Amino acid sequence: QVQLVESGGGLVQAGGSLTLSCAASGRTFSSYPMGWFRQAPGKEREFVSAISWSDYSTYYADSVKGRFTISRDNAKNTVYLQMNSLKPEDTAVYYCATRRVPGVARVWYEYDYWGQGTQVTVSS
């Protein structure tokens, strides 16, 4: 059974930084892509970033490109999301997710396993 547990959310002022972590268990972590999504109140869940399992290729939404960095540590079964220059519009619940297949995807409905989410609030 795959389990994903996010941590690292919190309250930060605009311009600040946070690092989210997602610890995975239940299967071979290194063989599957990992993604981060977020959902603000009243909005759909949206893609933030993803990282492949094979060559560590990274993918970002345009809204976070240049500010967020995704990385993974396969030895620790953990994926990270370093978030810099945070803006109030980054406020949301952030979820990590993974798939049953190796390919990276940018849409939430192509991910099969989800964490419980961690709240990020950016004050202006």
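Given the structure is predicted, the values throughout are model-derived calculations rather than measurements.
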Are Val104 and Tyr113 joined in one hydrophobic group, where the rule is that I, L, V, M, F, W and Y side chains link up if heavy atoms are under 4.5 Å apart?
no
Against the six-membered ring of Tyr95, is Arg45 placed for a cation-pi contact (under 6.0 Å from the centre, within 45° of the normal)?
yes
Between Arg100 and Tyr32, is NZ or CZ placed under 6.0 angstrom from the six-membered ring centre and within 45° of the ring axis?
no
Are Thr19 and Gln82 linked by a side-chain donor-acceptor pair shorter than 3.5 Å?
yes
Under the ring-ring contact (aromatic ring centres under 6.0 Å, His included) rule, what do Phe37 and Tyr111 come out as? Steps first, then yes or no, please.
CA-CA 10 Å; Phe37 290 78; Tyr111 283 76; 5.0 Å; yes
Checking Ser85 side chain against Gly15 main chain: does a donor-acceptor pair fall under 3.5 Å?
no
Under 3.5 Å, side chain of Gln1 to main-chain N/O of Gly26, donor-acceptor pair present?
no
With Ser52 via side chain to side chain donor-acceptor pair (under 3.5 Å) - residues at least two apart:
Asp55
What do you reckon, is CH2 of Trp108 surrounded by more than 12 foreign heavy atoms closer than 6.0 Å?
no
Holding to side-chain contact (heavy atoms from CB on, under 4.5 Å), I want the full list of residues that pass it with Ser71, two or more places apart in sequence or in another chain.
Tyr80
Can you name the residues that form a side-chain contact (heavy atoms from CB on, under 4.5 Å) with Val120, not counting sequence neighbours?
Leu18, Leu20, Met83, Tyr94, Val122
Run the side chain to side chain contact (heavy atoms under 4.5 Å, CB included) test on Trp36 and Val79 for me, step by step, so that the C-alpha distance in whole Å, both residues' side-chain angles and the decisive distance to 0.1 Å come before the verdict.
CA-CA 9 Å; Trp36 285 98; Val79 63; 3.9 Å; yes
Looking only at heavy atoms, the pair that brings Ala92 and Arg38 closest together is CB-CB, 3.8 Å
